[in-house]
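Comments concern the structure below.
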Number of protein chains: 2
Amino acid sequence: MSRQAGEPAEADVPAEPTGVPTMFDVARRAGVSHQTVSRVLNGLTGVAASTKMRVEQAIADLNYTPSPAARAMAKRRSGSIGLILAGRPDYGPSNAALGFNEAARDSGYTVSQASMRSLDADALAQAVHRLVLQRVEAIVLISGERDGVAVVSGIDAGVPIIAVASEPAPEGRPGPHRVAIDQYAGARLATEHLIGLGHRVIRHVTGPPDSMDAAERRRGWVDAMAEHGLDVREPIAGDWLASSGHAAGQALVADPDATAVFVANDQMALGVLHACHAAGVQVPGDLSVMGFDDIPEAAYFTPALTTMRQDFDALGRDVMSTVLDVLGAPGDRGASGDGGAPGMNGGKHLAPERTTRVPELIVRATTATPRA
Amino acid sequence: MSRQAGEPAEADVPAEPTGVPTMFDVARRAGVSHQTVSRVLNGLTGVAASTKMRVEQAIADLNYTPSPAARAMAKRRSGSIGLILAGRPDYGPSNAALGFNEAARDSGYTVSQASMRSLDADALAQAVHRLVLQRVEAIVLISGERDGVAVVSGIDAGVPIIAVASEPAPEGRPGPHRVAIDQYAGARLATEHLIGLGHRVIRHVTGPPDSMDAAERRRGWVDAMAEHGLDVREPIAGDWLASSGHAAGQALVADPDATAVFVANDQMALGVLHACHAAGVQVPGDLSVMGFDDIPEAAYFTPALTTMRQDFDALGRDVMSTVLDVLGAPGDRGASGDGGAPGMNGGKHLAPERTTRVPELIVRATTATPRA
DNA sequence: GCGTCCCGCTCCCAAAACTCG
DNA sequence: CCGAGTTTTGGGAGCGGGACG
């Protein structure tokens, strides 16, 4: 009886709804029960075609849309996935996140983002916690930091966690599900390209120590060199930023032996190029430079950068596909990964291809045969 | 009575909760009623310190966290804001989104992301629609497209919409709330820097026609030139990508008069630099080049790029601050902007500074006095 | 500080309507 | 015309918390 008094006394016909219409409003208008409305809403069978039509008409008339909160409460499923993007919003992560976002939407999931510039352990743990409070059904972590994944593994989130991580899980502690592009293979390809050109002394500029991608790229370089019987020189440490590439470049130009360098990402390669130019070192005449990522600008570096292209968009989709697998596999809800028999992923959603993607070599103008 | 039969006959003591604990579980454990729990949860007064402590202990013991769905339903507030990031995830938008995300979190809001690579009208309208279905309390659009804002203005979302848009609203149709960095002022600063150096023929490479930022930067360039009595040459059309900058650069090097160029963003400036290098045109000796944005790589272009720095992170925070204002101002819930008296924004949250930010000139090595 | 009702929807169960032989 | 078997539909009890009285 909280209705306003003084209404035209119209028997007991419930007044027209004022705020957002509910299922009951629709039901009344269609002359059916709320239950029937629920049925047509969820596409259940057992509703006469004519009734269904009436209900749909009423829904349209009222401009009714179901309340996600009520639905989530009743079904005990939020229908949303948490996404944590930690660190600088670089080309790779941003694009992977976008691909993931679109894939999630296509699968009917909503994505709740908890991004942050910082990648310290506390902040990360808090982000996971906030997402858990939100009752997301899974958490996706995009941040190549090894420690980040470790932090997250340590949390018993109660929901599956899927991380973009190119390194395999450490023995014994499975941790989150891992998805990635094969950095190791890409690095080998890059190094072999240089070797194939005839280079013998190929140096490497790494990414930051805590980056798994950086470690895998370095490992690929080491293995390729070793396999070809080439000397593995001490790598030069970088941090993904062009500035560190610049510093590395200054060290490189002082190395009389090096005829080529495999730089762990394009931004640093830009820095190297800059240093070479400043020092009068010709690229690729005096030094061949190889990048990694193929950011859109790479083709317009001076000279145009030879690099490894990665399909980040596809990576994002792979992540979502993994989420679906994990969510579809009952009994696997929890932070820890597949402790059971591998390969027996019996979810209703199966990733069409679970083979890891490999970066693609894009040859441009910074690599050539070494000087005679 | 849906309990499993065969339980140890233990009178009628409600069984220990099995799944996620609820308020009632907490209440029982603390020996209070469920809404006393609610009170301490919401920090309301009127709870004895001792009781409060018991409740808190119970909460901790049970590891209880309130259900956001239930709360949303009861309070009729989702506590979440929708974010649409449309188009390529470039440096600017990505960082603004990050800043926004962090600010939203700090304000206790959750952000539901609906991003997409495409920026066509339909996709955008659908994104808005999906967000509305999710009952977000406001929608933020980050995408410099004029049409995007137009599309969104046309939708009666029923919730406030805040767009990053550097152009003022067209007369008559206020549309969404607008927040931006002052592109016009930045462009004037850039142009004046060049003029101050002594350049007379300064050309301009624009961003895509539908970009508001591009239009404002162009307008700034035009006005600055005109005010100094300089000839306003036909601008060269670009699309933000380095490739278009490269094409523009090729046209530029063929222009014997031009001694400087103001390029609408750093990526295109990179393309211009590339073209200059290929054509043997010295920068800044023969041609001064000015960029816009100051992406992290700009300092390592060859030569290092003079450009205008924008604080995207702050922009993101400004957006959130505006959202808070709008949400705090009752009676303004709807897609249309402030039809009322401006300045009287009486929300409980007031942006500390609502003055528009201006980009900052970063002088590096691509600009100099024109050749004699 | 506690009882009570309500938020908007889903699920379980039963009632009604219809089909046929 | 009846009863059994099938649809189609409706009733009511939660789900987990918030606002009053």
Side-chain angles (χ1 to χ4, degrees), chain A residues 1-3 14-15 17-56 58-59 62-79 132-135 137, chain B residues 1-3 14-15 17-56 58-59 62-79 132-135 137:
Chain A
M1 288 299 117
S2 59
R3 299 238 171 260
T18 304
V20 184
T22 79
M23 222 177 199
F24 292 84
D25 299 320
V26 174
R28 178 156 15 88
R29 192 169 220 279
V32 298
S33 77
H34 70 115
Q35 172 59 287
T36 301
V37 175
S38 173
R39 284 205 180 85
V40 346
L41 237 41
N42 296 346
L44 297 187
T45 60
V47 180
S50 63
T51 336
K52 179 175 176 186
M53 203 152 282
R54 288 212 325 280
V55 171
E56 280 167 345
I59 289 176
L62 262 33
N63 216 296
Y64 164 82
T65 62
S67 153
R71 202 203 283 271
M73 183 153 118
K75 304 180 82 136
R76 259 147 297 191
R77 287 197 44 212
S78 67
V132 170
L133 292 193
Q134 289 177 41
R135 303 284 199 270
E137 296 180 25
Chain B
M1 296 300 120
S2 59
R3 300 234 170 262
T18 302
V20 184
T22 80
M23 231 177 188
F24 295 87
D25 299 321
V26 174
R28 177 154 18 85
R29 193 170 219 281
V32 296
S33 79
H34 90 273
Q35 88 315 44
T36 296
V37 176
S38 174
R39 295 176 142 290
V40 347
L41 236 41
N42 296 340
L44 297 188
T45 60
V47 181
S50 63
T51 326
K52 180 175 174 186
M53 201 151 283
R54 288 211 326 280
V55 171
E56 279 166 347
I59 289 176
L62 261 33
N63 215 295
Y64 163 81
T65 62
S67 152
R71 202 204 284 274
M73 184 155 115
K75 309 180 75 145
R76 257 149 299 192
R77 286 196 47 212
S78 66
V132 170
L133 292 192
Q134 288 177 44
R135 303 284 199 270
E137 297 180 26

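Just so we're on the same page: letters track the sequence lines, and every chain starts at 1. Keep in mind that the numbers below use all heavy atoms, side chains included, and drop hydrogens, waters and symmetry copies.
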Between CG of L44(B) and P of dC2(C) the distance, given in whole Å, is 14 Å
Heavy atoms only: give me the nearest R135(A)-P68(B) pair and the separation to one decimal.
CG-CD, 3.5 Å
Please give me the minimum heavy-atom distance between Y64(B) and T22(B), naming the atom from each residue.
CE1-C, 3.5 Å
Any side-chain heavy atom of L41(A) within less than 4.5 Å of one from I59(A)?
yes
Can you pull every protein N or O that's under 3.5 Å from an N or O on nucleotides 8-17 of chain D?
from	atom 1	to	atom 2	distance (Å)
dT9(D)	OP1	T51(A)	OG1	2.5
dT9(D)	OP2	A48(A)	N	3.1
dT9(D)	OP2	T51(A)	OG1	3.4
dT9(D)	O4	R39(A)	NH2	2.9
dG10(D)	OP2	S33(A)	N	2.8
dG10(D)	OP2	S33(A)	OG	3.4
dG10(D)	OP2	T36(A)	OG1	3.0
dG10(D)	O6	R39(A)	NH2	3.0
dG11(D)	O6	Q35(A)	NE2	2.7
dG12(D)	O6	H34(A)	NE2	3.2
dG17(D)	OP1	Y64(B)	OH	2.4
dG17(D)	OP1	S67(B)	N	3.0
dG17(D)	OP2	M23(B)	N	2.5
dG17(D)	OP2	Y64(B)	OH	3.3
dG17(D)	O5'	Y64(B)	OH	3.1

To the nearest 0.5 angstrom, please state how far the OG atom of S67(B) sits from the CE atom of M73(A).
7.0 Å
Rounded to the nearest 0.5 angstrom, the CZ-CZ distance for R77(B) and R71(B) is 10.5 Å
